[in-house]
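Below is one structure, written out as structure tokens; comments come after it.
Please read all numbers here as calculations on a predicted model, not as lab measurements. In what follows, every chain begins at residue 1, and chains take the letters A, B, ... in the order their sequences are listed.
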There are 2 protein chains.
Amino acid sequence: MPRMTKREAGGPATIIDVAREAQVSIKTVSRVVNAEPGVHEETLKRVKEAIERLQYRPKLSARALAGARSFIVGLFYFDEQSAFIGNLQRGATQTCRELGYHLIVEPLQASATDLVSHVERSLSALRPDGVILAPPLCDHAEVLQAMQRQGTRIVKLSPRELQGSCIGIDDVQAARELTQLLLDAGHQRIGFLQGPPDQIASQRRQQGFSAALRAARRKAAWVWPGDFTFQSGVAAARIWQDQPNRPSAVFSANDDMALGLMAEARRLGHQVPEALSVVGFDDAPAASMVWPGLTTVRQPLEDMAARAVHLLVGQNTQPCRIVMPHRLMLRQSVQERAEA
Amino acid sequence: MPRMTKREAGGPATIIDVAREAQVSIKTVSRVVNAEPGVHEETLKRVKEAIERLQYRPKLSARALAGARSFIVGLFYFDEQSAFIGNLQRGATQTCRELGYHLIVEPLQASATDLVSHVERSLSALRPDGVILAPPLCDHAEVLQAMQRQGTRIVKLSPRELQGSCIGIDDVQAARELTQLLLDAGHQRIGFLQGPPDQIASQRRQQGFSAALRAARRKAAWVWPGDFTFQSGVAAARIWQDQPNRPSAVFSANDDMALGLMAEARRLGHQVPEALSVVGFDDAPAASMVWPGLTTVRQPLEDMAARAVHLLVGQNTQPCRIVMPHRLMLRQSVQERAEA
DNA sequence: CTGAAAGCGCTTACAG
DNA sequence: CTGAAAGCGCTTACAG
């Protein structure tokens, strides 16, 4: 008497059960599951019916062990930057689902001493077919090296051109447009709240800001270093307040700082936007939940993550650089100045 | 001449390479990797050294295929509720990492017609050792059934007692304390902004609110149905404004609605908290980014997720109910009323 | 305390 | 167009 298969023992159906049910070899079932061409139409039909009848679902671990793919895509990011990741995760998961892949998330601590070893452990255990790197993790040299050592395909969500594929918006152009908005509203004295200097996005946004002012034959009225945190925006508000000739508008290199600046300015008794206009960058969830709403730039994070998954999973291994369209989100944090 | 192992061919080391290097059988290497007892001290040392030297990392798919565990934990949630998930994800990933597990996230759309089939597909492909269900997904009967059919261990992040393990805070008590805060501040007319009636948390919070008022021999001045979205808070502001005898304080069953209410009230020209005090529930990220900051309740989401992972991965399969401590977050959205 | 053998459920490389 | 065999890299169940 032959051994019982799992199926007969009550477990989930395996490829053997399907093969038997459809009167074909397991290889043919495999062909159908992987949508390989060259299966006779009638056979195809029989196998599909058997799969349906038996509720067969191929087991990921078996496929991964036997084959060259793991059907897993990773989304690695710095924990602190979690305002981003909701949208990224949505886009990535959605696309993974369509393509039969699964998403593993790996929140990392930028400050951890064993950051790189975490990354390595995770990669060698899971062997993902590809990894999406969110900013600013995508600028982290050591992590990039570790990825390369493991031979992991990556897509960076970054505007940088070098080393592998990346997807981003044109930060410089977006910042220029946002600055122009302030100029058009009649602001004469415009300040800039900087992000961390080692992040590419910080640099690009300031470049765009400066370019727009230059084109208008102006100079920044005030520049102050922040670190992209809400707290650094709060701190900046006091400095702004103490300026002898206060800027009437401030361009903050991201939303978190912009929100901190707004909240603290208001706490100190300054009206926004009457006494201080503010623009940010990112369209963080909170940007549309405060009053007045924060005028900012939106990156199409969902679409970016979706395209990243396609790049990682697809045939083409050529590095490429994709620039996505950004969107200005006009809200109430900018005041028209009569004196323009 | 024997076949070359992968290692010799340049690939990552396998258990066979380690066994050879340490002069033991693969079974002994397996024992060391899994920290099983009963390995001679000297042997243990030799194997550990070999692992270190060869940078051996067991491959998850092979372990999952051969053994009873997949080393994968799932975090399933409704996409719309993503304010939560940053903290949940942090806690879950951290604990998974410590225990040698990996986290798969599955954002689901509540409105999707194929919700249950998504869940089923995901479960049967990945075979996670356990799944954490975030609210309000944890209250979804059909999804719970699907989990049960697959024999998946689950932990619900919910205050409900029935059917399996759950971890939550005492919503009733927390709501009572928050209401008491309003009463102590001297508010005579207090309104309540409800969440969706089918969510357990909604009901519990209203119960606590009502209990506190009852104890103070008061009645709710105003009750209005919301759906936990920012937009429904915005809509409620206009209704509040039109009340003949406006409540001076409103308890919103969650933060998103509270923030909508605050923003819209201010847009309509009412000062917060002078004309309207507001309290929320959840301590969403935005609650501390607005001015005035929103007074609310914080659930220890990180710790909750960490404990959930321990429950799912541990030996004990007894269902249990864990109540975690909540924390009142006092900010500026509540005004002291002199007339008290 | 340690190991030899079988097997998990697929894909790969090959043959016809 | 289809299939038989080997093998992926581990754990399980068993033996000693």
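- Toward the 5' end of DNA chain C, the nearer of the two residues V33(A) and S25(B), judged by each one's closest nucleotide, is S25(B).
- Rounded to whole angstrom, the span from the CG atom of L60(A) across to the P atom of dG9(C) amounts to 14 Å.
- A64(A) comes within 4.0 angstrom of nothing in the nucleic acid, heavy atoms only.
- Protein atom CD1 of I51(A) is 13 Å distant from nucleotide atom C1' of dC10(C), rounded to whole Å.
- Rounded to an integer number of Å, the gap from R20(B) CZ to dG3(C) C1' is 16 Å.
- One can place CZ of R63(A) at 5 Å from P of dT11(C), the figure rounded to the nearest angstrom.
- Of the inter-residue distances, the one linking Q145(B) atom CD with Q150(B) atom CD reads 13.0 Å to the nearest 0.5 angstrom.
- Between A68(A) and S61(A), it is S61(A) whose nearest contact on DNA chain C lies nearer the 5' terminus.
- To the nearest 0.5 Å, the span separating CG on L54(B) from CD on E49(B) amounts to 12.0 Å.
- Among the nucleotides dC10(C), dT2(D), dG3(C), the one closest to any side-chain atom of R31(A) is dT2(D).
- Atom OG of S158(B) sits about 5.0 Å away from atom CG of D139(B), to the nearest 0.5 Å.
- Distances were taken from every side-chain heavy atom of I26(B) (C-beta onward) to each of dT12(D), dT11(D), dG9(C); the shortest belongs to dT11(D).
- Taking atom CD of E36(B) as the reference point, atom P of dG3(C) lies 14 Å away to the nearest angstrom.
- For R69(B) against dT11(D), no side-chain N or O and base N or O form a donor-acceptor pair under 3.5 Å.
- Ring geometry, Y101(A) versus F71(A): the interplanar angle falls from 30° to 60°, so the pair is classed tilted.
- In summary, the side chains of Q89(B) and Q89(A) do present a donor paired with an acceptor at a separation below 3.5 Å, with no hydrogens or angles considered.
- Atom P of nucleotide dG7(D) and atom CG of L65(B) are separated by 17 Å, given to the nearest angstrom.
- Closest to the side chain of T14(A), from the set dC10(C), dC1(D), dG3(D), is dC10(C).
- Note on F71(B): nothing from the nucleic acid sits closer than 4.0 angstrom, heavy atoms only.
- Pair check for dA4(D) finds none; no Watson-Crick or G-U wobble contact set falls under 3.5 Å.
- Contact check, S30(B) against dT11(D): a side-chain N or O comes under 4.0 Å of OP1 or OP2.
- Across dC8(D), dT11(D), dT12(D), the shortest atom-to-atom separation from the side chain of K27(B) is found for dT12(D).
- Contact check, T28(A) against dT2(D): no side-chain N or O comes under 4.0 Å of OP1 or OP2.
- If you measure from atom CZ of R46(A) to atom C1' of dG3(D), you get 14 Å, rounded to the nearest angstrom.
- Across all strands shown, dA13(C) remains unpaired; no Watson-Crick or G-U wobble contact has both distances below 3.5 Å.
- P128(A) pairs with exactly one of L312(A), L123(A), L103(A), I154(A) by the side chain to side chain contact (heavy atoms under 4.5 Å, CB included) rule, that one being L123(A).
- With rounding to whole Å, K59(A) atom NZ is found 15 Å from dC8(D) atom C1'.
- In this model, the phosphate group of dT2(C) is approached by a side-chain N or O of T43(B) to a distance below 4.0 Å at OP1 or OP2.
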